[in-house]
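Keep in mind that the numbers below use all heavy atoms, side chains included, and drop hydrogens, waters and symmetry copies.
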Amino acid sequence: MATKSCAKFFETSKPYLAMISLQFGYAGMNIITKVSLNQGMSHYVLVVYRHAFATLVIAPFAFIFERKGQPKITFRNFMQIFILALLGPVIDQNFYYAGLKLTSPTFSCAMSNMLPAMTFVMAVFCRMEKINIKKVRCIAKIMGTLVTVAGAMLMTLYRGPIVEMVWAKHAHPHNNTNGTSTTGSLDKDWFLGCIFLIIATLAWASLFVLQAKAIETYKNHQLSLTSLVCFIGTLQAIAVTFVVEHNPSVWRIGWDMNLLAAAYAGIVTSSISYYVQGLVIKKRGPVFATAFSPLMMIIVAIMGSFILAEQIYLGGVMGAILIVIGLYSVLWGKHKEQIESKVADEIPLPVKDNAQIAVIAGPIIDATDNFTEEKYGHKGEANNKLSSVIITMPILEPPMKAYQDTKA
């Protein structure tokens, strides 16, 4: 009995353990990438290597498990994949790494929590979301979006005093994570990094909106879609790097932190995370998966203070709190929307009762059909007339009661 209870508890805990593990994986990516960027690695080259690793890891699984029934790559499908690759691997990742280099891992993770709110705004503009002010869930999503934007603006425009961590208070009292000595230059870099992170989040939200359309074609071939996006994104990132970086030495990579950053980001956060997160979303839904995002920010703040001696500012803490509040407000609204949608899908169930009534009242329907067919002279109008009679037939009592009265 105890073994059965433990097995049941472990089965129930699997989604929670999976999402918590993913947050540690994402946090590690932010820390390792920050160290690599601080050591001088070009973020353009990092994007190329990251998605090259991701393609090499995902493509074999797509070939093995999704060889049959591959959708034809039409011009429309190719353009969808091309734009997805442009939004994700190229625009989002390049701007995110640029913002991460100019700010800090904790700050970057906090800004990425704006994603659900920005996705909601993009979906409204694309008419994929309908706003009804009378619905509490819509008000929650709108208010959550406004609070999230307010938190992002607070983090961007106000830094405030340094918040000392207890465990790092005496370790590196005056270490500057951005490597700048003047406050004016630091503030300028910080503001520019904020803008880069906002653009990255906006591109990622746009990718989610467009991906909803692409998945309709690749519904049963999501590994193939991911492989194609990573592959096309790698080619695009190579083209961008050749245009921006004119020094061939930036491509040089050895057995160092740069290789670890590229391999870790490609394998863990662009391959394993896609698969694990897909399983969790399939089992518990997207709201459950997204709700763990703030945990990454907390993990990164703790790891960053230990490893990078990262300085956390009061404005960042206050803005992060606002963003998390807005995040959960939007997620609550989406959760209520999913519940209402699920209930709406179950509404057609009473049609079974109408079928039972039709079976019980067979002679009446036959009589109506014969009468209508004689009157109109052909079955097409008879069927239409019959359909209207059945749909508008009033139900005065429950079907089981009607059946019992007929049997009596």
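- Once rounded to the nearest 0.5 Å, the distance linking CD1 of Ile81 with CG of Leu225 reads 6.0 Å.
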Side chain to side chain contact (heavy atoms under 4.5 Å, CB included) between Met257 and Met41, intermediate numbers included:
CA-CA 9 Å; Met257 183 60 69; Met41 185 178 188; over 6 Å; no

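- Across all non-hydrogen atoms, the minimal contact from Phe292 to Ile20 is CE2-CG1, 4.0 Å.
- Nearest approach of Leu210 to Ile83, heavy atoms of both residues: CD2-CG2, 3.5 Å.
- Contact annotation: the side chain of Glu337 approaches that of Lys141 to within less than 4.5 Å [non-hydrogen atoms, C-beta and beyond].
- The shortest side-chain heavy-atom distance between Ile299 and Met296 does not fall under the 4.5 Å cut-off.
- Closest of all the heavy-atom pairs between Val124 and Ile131 is CG1-CD1, 3.8 Å.
- Glu66 contributes a side-chain N or O that, together with a main-chain N or O of Leu223, makes up a donor-acceptor pair within less than 3.5 Å.
- Heavy-atom minimum distance, Tyr264 versus Met29: CE2-N, 3.3 Å.
- Within 6.0 Å of atom OH in Tyr218, more than 12 heavy atoms from other residues, nucleotides or ligands are found, so the atom counts as buried in its surroundings.
- Side-chain contact between Leu17 and Lys14: absent, with no pair of heavy atoms (C-beta onward) separated by less than 4.5 Å.
- Taking the ring centre of Trp190 as origin, the terminal cationic atom of Arg159 falls inside the region bounded by 6.0 Å and 45° from the ring axis.
- Looking at Val268 and Ser273, their side chains never come closer than 4.5 Å, going by heavy atoms from C-beta outward.
- Counting only distance, with no hydrogens or angles, the side chain of His221 and the backbone of Lys68 share a donor-acceptor pair below 3.5 Å.
- Here the straight-line distance linking atom OG1 of Thr119 with atom CE of Met114 works out to 10.5 Å at 0.5 Å rounding.
- Looking at Glu11 and Lys8, no side-chain N of the basic residue comes within less than 4.0 Å of a carboxylate O on the acidic one, giving no salt bridge.
- Between Phe78 and Phe82, the two ring planes are tilted [angle within 30° to 60°].
- In this structure, Gln23 contributes its side chain and Leu295 its backbone to no donor-acceptor pair below 3.5 Å.
- Between Thr156 and Met153 there is no side-chain heavy-atom pair separated by less than 4.5 Å.
- Judged by distance alone, with hydrogens and angles left aside, the side-chain atoms of Ser112 form a donor-acceptor pair with the main-chain N or O of Cys109 at under 3.5 Å.
- A donor-acceptor pair is defined here as one N or O able to donate and one able to accept, closer than 3.5 Å; such a pair exists between the side chain of Thr241 and the backbone of Ala237.
- Using cut-offs of 30° and 60° on the angle between ring planes, the pair Trp251 and Phe242 is tilted.
- With rounding to the nearest 0.5 Å, the separation of CD1 in Ile199 from CG in Asp92 is 11.5 Å.
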When you look at Phe95 and Leu197, which way does the side chain to side chain contact (heavy atoms under 4.5 Å, CB included) test go after all the steps?
CA-CA 6 Å; Phe95 277 101; Leu197 291 172; over 6 Å; no

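- Pairing each heavy atom of Gly144 with each of Thr148, the nearest pair is O-OG1, 2.7 Å.
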Decide side chain to side chain contact (heavy atoms under 4.5 Å, CB included) for Ile162 and Ile312; before the verdict, give the C-alpha distance in whole Å, the side-chain angles of both, and the deciding distance to 0.1 Å.
CA-CA 6 Å; Ile162 297 174; Ile312 300 175; over 6 Å; no

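- In the model, Arg50 has no side-chain atom that pairs as donor or acceptor with a side-chain atom of Thr234 under 3.5 Å.
- Here the OG1-OH distance, from Thr33 to Tyr96, works out to 8.0 Å after rounding to the nearest 0.5 Å.
- Two residues are said to be in side-chain contact when any heavy atoms from C-beta on lie closer than 4.5 Å; Pro294 and Leu327 meet this criterion.
- The CG atom of Leu100 lies 8.5 Å from the CD1 atom of Ile31; values are rounded to the nearest 0.5 Å.
- For the atom pair Phe196 CZ and His43 NE2, the distance stands at 7.5 Å (nearest 0.5 Å).
- Inter-residue side-chain proximity for Leu331 and His335 is flagged as unmet; no heavy-atom pair is nearer than 4.5 Å.
- Within 6.0 Å of OH in Tyr158 there are more than 12 heavy atoms belonging to other residues, nucleotides or ligands.
- Within a 6.0 Å sphere centred on CG of Leu157, heavy atoms belonging to other residues, nucleotides or ligands number more than 12.
- For the pair Leu207 and Trp204, the minimum side-chain heavy-atom distance is below 4.5 Å.
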Please step through side chain to side chain contact (heavy atoms under 4.5 Å, CB included) for the pair Met143 and Val330, ending with a clear verdict.
CA-CA 8 Å; Met143 294 303 297; Val330 174; over 6 Å; no

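- At distances below 3.5 Å, at least one donor-acceptor pair connects side-chain atoms of Asn30 with backbone N or O atoms of Tyr26.
- More than 12 heavy atoms of other residues, nucleotides or ligands shown are found within 6.0 angstrom of CE on Met303.
- Nearest heavy-atom pair across Cys230 and Ala54 is SG-CB, 4.0 Å.
- In this model, no donor atom of one side chain and acceptor atom of the other lie less than 3.5 Å apart for Tyr328 and Asn113.
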